[in-house]
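Everything below concerns the one structure shown next.
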Amino acid sequence: MKPRLVIFDDSESTSALAPFSSVRAVGTLRKGCFTQAQRIGRAFADSEEGFCSVPVDRLQLSSGQWLCVNAALLPNKELLEKVQTLPIGVMLLEEDSQRVVAFHLKVAKSFIFSEQKLSGKPQICKEALYRHWWELVADNGKQIDEDFKEFYSDKDGFSVPSQFTTLLNPYSVRLGRDVQLDVGAILDARDGAIVLEDGVQIGSNAFIQGPCFVGSGSTIKPFAHLKNGTSIGRVCKVGGEVDGAIIDDFSNKQHYGFIGESYIGSWVNLGAGTTCSDLKNNYSAVKSFSDGDEKIDTGRQFLGCVIGDYTRLGIGSLINTGAYIGVGCSLYGAEIIDGKVGNFRFGKVLNEQLYELPKFLQTLQVIKARRGLNISPEEEKIIKEIFNKELNNYVS
């Protein structure tokens with residue numbers, strides 16, 4: 001009997017993978033051509049479809065056979081095989097952290113993770129789970145190439161470019177249905193694969209350099225330059241220069257400016273000229289922030305910034321290397337954004353105040369209505385929980 005697949009979030013992922021994990025499931029985070037949930041689902045395609053994004057301490061399973069996998073799982077083939085072959089009743093733990101990587105079990109009536117232990121002796125593995133946001137950005141181009149080889153290279157592109165566009169190494173290009181390439185667009189896949197999903201529009205004279213992934217329904221503006229391992233999510237609008245960055249679903253960077261080696265969340269809007277630094281003047285390793293207020297040495301020479309969901313930056317915004325900008329911010333001004341900016345901050349940089357929640361929700365509803373969407377009750381509940389937590393910290 002095939003096990004049903006469950007993708008769960010553990011407590012360390014939901015804290016360490018900030019600012020995103022506080023507002024949405026770890027399975028929605030993106031690397032390469034897929035979200036974590038999509039990648040795990042494809043890796044364990046032999047399992048029946050289950051459900052995603054259940055916190056492990058609230059995991060309740062009915063009768064049947066289950067394969068439960070941590071949403072922060074690294075895309076390592078040996079590790080995936082180890083999870084796939086887990087015996088029933090056995091848990092896989094990460095050696096140093098003792099975090100739960102996966103477990104396989106057969107339930108007679110019901111199972112509650114916090115109340116029951118598995119019968120078999122745990123198996124141990126080395127590094128198996130993401131710990132910080134910059135690990136998603138690291139080697140994103142390599143991940144795009146690996147995804148292309150495994151999932152796209154044997155497929156035919158549905159769209160045929162016009163004679164006024166250029167494809168370099170077309171065998172490493174995957175065009176989805178209804179992809180539009182305007183006059184002068186160049187797709188250069190000589191150094192890595194390019195995947196454009198259904199409905200992508202590439203503006204005139206835009207230059208797409210592989211490895212690069214652009215999600216369905218997204219628009220790349222004229223004269224844009226995407227390169228060196230960039231992943232763009234669904235329904236985004238992107239212009240200017242993007243280098244080795246991840247921009248998640250429904251976010252806009254329509255104008256000139258540079259974003260490099262960064263993770264930009266969902267429903268983010270970057271004003272014209274927004275630019276980040278991804279290399280320090282002394283070429284030393286960049287330090288950044290995770291869930292806490294202490295800087296962490298990332299070990300990376302090239303690293304830009306992280307921007308949480310629902311955040312908006314005004315025109316001409318400048319962001320320093322390793323800067324952390326939280327969820328739901330609205331910042332503007334000429335000062336450089338540096339260090340860590342908390343959630344729901346509003347106003348001029350270095351003088352921002354706590355956002356008023358009703359005004360934030362009102363603006364967010366306008367933003368979502370432009371895409372034919374509304375704030376869901378669950379989404380509003382999560383936003384209010386994060387805001388109230390931030391309010392308590394702000395007052396204290």
Side-chain angles (χ1 to χ4, degrees), residues 5-44 47 49-60 66-76 79-80 83 91-94 97-103 113-114 125 127-140 143 147 215 231 233-234 246-251 262-268 288-292 296 306-311 324 326-328 343 376 378-379 381-383 385-386 389:
L5 177 65
V6 176
I7 304 172
F8 65 83
D9 290 353
D10 70 325
S11 58
E12 189 161 336
S13 293
T14 53
S15 61
L17 286 170
F20 310 109
S21 51
S22 62
V23 76
R24 54 188 165 113
V26 173
T28 65
L29 297 180
R30 183 176 297 278
K31 186 179 178 76
C33 300
F34 304 107
T35 65
Q36 282 295 101
Q38 288 171 336
R39 186 178 309 285
I40 292 170
R42 286 172 177 263
F44 302 109
S47 300
E49 184 178 356
F51 51 90
C52 173
S53 308
V54 182
V56 69
D57 58 357
R58 286 187 276 159
L59 185 60
Q60 299 184 33
W66 300 88
L67 179 62
C68 304
V69 182
N70 195 316
L73 189 73
L74 294 171
N76 179 298
L79 176 61
L80 294 175
V83 172
M91 179 182 296
L92 181 63
L93 300 177
E94 189 177 51
S97 68
Q98 291 296 293
R99 292 168 66 186
V100 179
V101 177
F103 54 95
F113 182 86
S114 57
C125 63
E127 292 184 5
L129 302 169
Y130 288 116
R131 295 165 296 166
H132 305 293
W133 66 266
W134 53 84
E135 295 173 339
L136 293 161
V137 176
D139 300 322
N140 192 56
Q143 189 63 59
D147 290 343
S231 290
R234 299 176 298 120
I246 298 172
I247 299 179
D248 230 327
D249 301 347
F250 297 103
S251 288
S262 302
Y263 198 124
I264 312 300
S266 293
W267 298 102
V268 171
S288 189
F289 298 85
S290 195
D291 186 49
I296 301 172
V306 61
I307 301 178
D309 295 355
Y310 311 121
T311 284
Y324 175 113
V327 171
N343 300 323
S376 69
E378 179 63 24
E379 185 178 20
K381 178 183 176 183
I382 293 172
I383 288 171
E385 288 175 353
I386 300 170
K389 182 179 179 180

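Numbers for residues simply follow the sequence, beginning at 1.
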Kindly write out the residues that satisfy side-chain hydrogen bond (donor to acceptor under 3.5 Å, both in side chains) with Ser288, not counting sequence neighbours, or none if the list is empty.
none
Pro75 and Gln143 have their tightest heavy-atom pair at CG-OE1, 3.1 Å
Looking only at heavy atoms, what is the nearest atom pair of Val327 and Ser22, with distance?
CG2-OG, 4.2 Å
Which heavy-atom pair separates His132 from Ser290 by the least distance, and what is that distance?
ND1-OG, 3.3 Å
Sorted by chain and number, sequence neighbours left out, salt bridge (Lys or Arg N to Asp or Glu O under 4.0 Å) with Glu135 holds for Arg131
What's the separation between atom CD1 in Ile382 and atom OG in Ser376, rounded to the nearest 0.5 Å?
7.5 Å
Donor-acceptor pair, side chain of Asp147 and main chain of Cys33, under 3.5 angstrom
yes
Taking side chain as C-beta onward, heavy atoms only, is Phe8 less than 4.5 Å from Asn70?
yes
Is there side-chain contact between Leu92 and Cys125, with heavy atoms separated by less than 4.5 Å?
yes
Non-hydrogen side-chain atoms of Val26 and Tyr130 separated by less than 4.5 Å:
no
Please report the interatomic distance CD1(Ile383) to CG(Asn343), rounded to the nearest 0.5 Å.
11.0 Å
Do Ile7 and Leu73 have side-chain heavy atoms sitting under 4.5 Å apart?
no
Set of ring pair (Phe, Tyr, Trp, His ring centres under 6.0 Å) partners for Tyr263, sequence neighbours left out:
Phe20
To the closest 0.5 Å, what do you measure between CG (Leu80) and CZ (Arg42)?
13.5 Å
Do Val83 and Leu67 come close enough that some side-chain heavy atom pair is under 4.5 Å?
yes
Search all heavy atoms of Thr311 against all heavy atoms of Gly326 and return the closest pair with its distance.
OG1-O, 2.7 Å
So, do Ser21 and Asp9 sit near enough that their side-chain heavy atoms are less than 4.5 Å apart?
no
Report the residues that fulfil salt bridge (Lys or Arg N to Asp or Glu O under 4.0 Å) with Glu127, sequence neighbours left out, ordered by chain and then residue number.
none
Heavy-atom donor-acceptor pair, Trp133 side chain to Phe289 backbone, under 3.5 Å:
yes
Quick one: does Asp249's side chain have a donor or acceptor within less than 3.5 Å of a partner on Arg234's backbone?
yes
Check: Trp134 and Val306 side chains under 4.5 Å, non-hydrogen atoms:
no
One should read off an interatomic distance between Leu29 CG and Thr35 OG1, to the nearest 0.5 angstrom, of 8.5 Å
One should read off an interatomic distance between Glu379 CD and Trp267 CH2, to the nearest 0.5 angstrom, of 8.0 Å
CD1 of Ile246 to CG of Leu136: how many Å apart, nearest 0.5 Å?
5.5 Å
Lys31 (side chain) donor-acceptor with Ser231 (main chain) under 3.5 angstrom
no
Would you confirm whether Glu94, through its side chain, and Arg99, through its main-chain N or O, come within 3.5 Å as a donor-acceptor pair?
no
Exercise: identify the closest heavy-atom pair between Asp309 and Val268:
CA-CG2, 4.3 Å
Side chains of Leu93 and Val100: closer than 4.5 Å at any heavy-atom pair?
yes
If you look at every heavy atom in Val69 and Ala102, which pair is closest and at what distance?
CA-CB, 4.2 Å
Check ring pair (Phe, Tyr, Trp, His ring centres under 6.0 Å) between Tyr324 and all other residues, then give those that pass, not counting sequence neighbours.
none
Got a sec, which residues hit salt bridge (Lys or Arg N to Asp or Glu O under 4.0 Å) with Asp248, two or more places apart in sequence or on another chain?
Arg24, Arg30
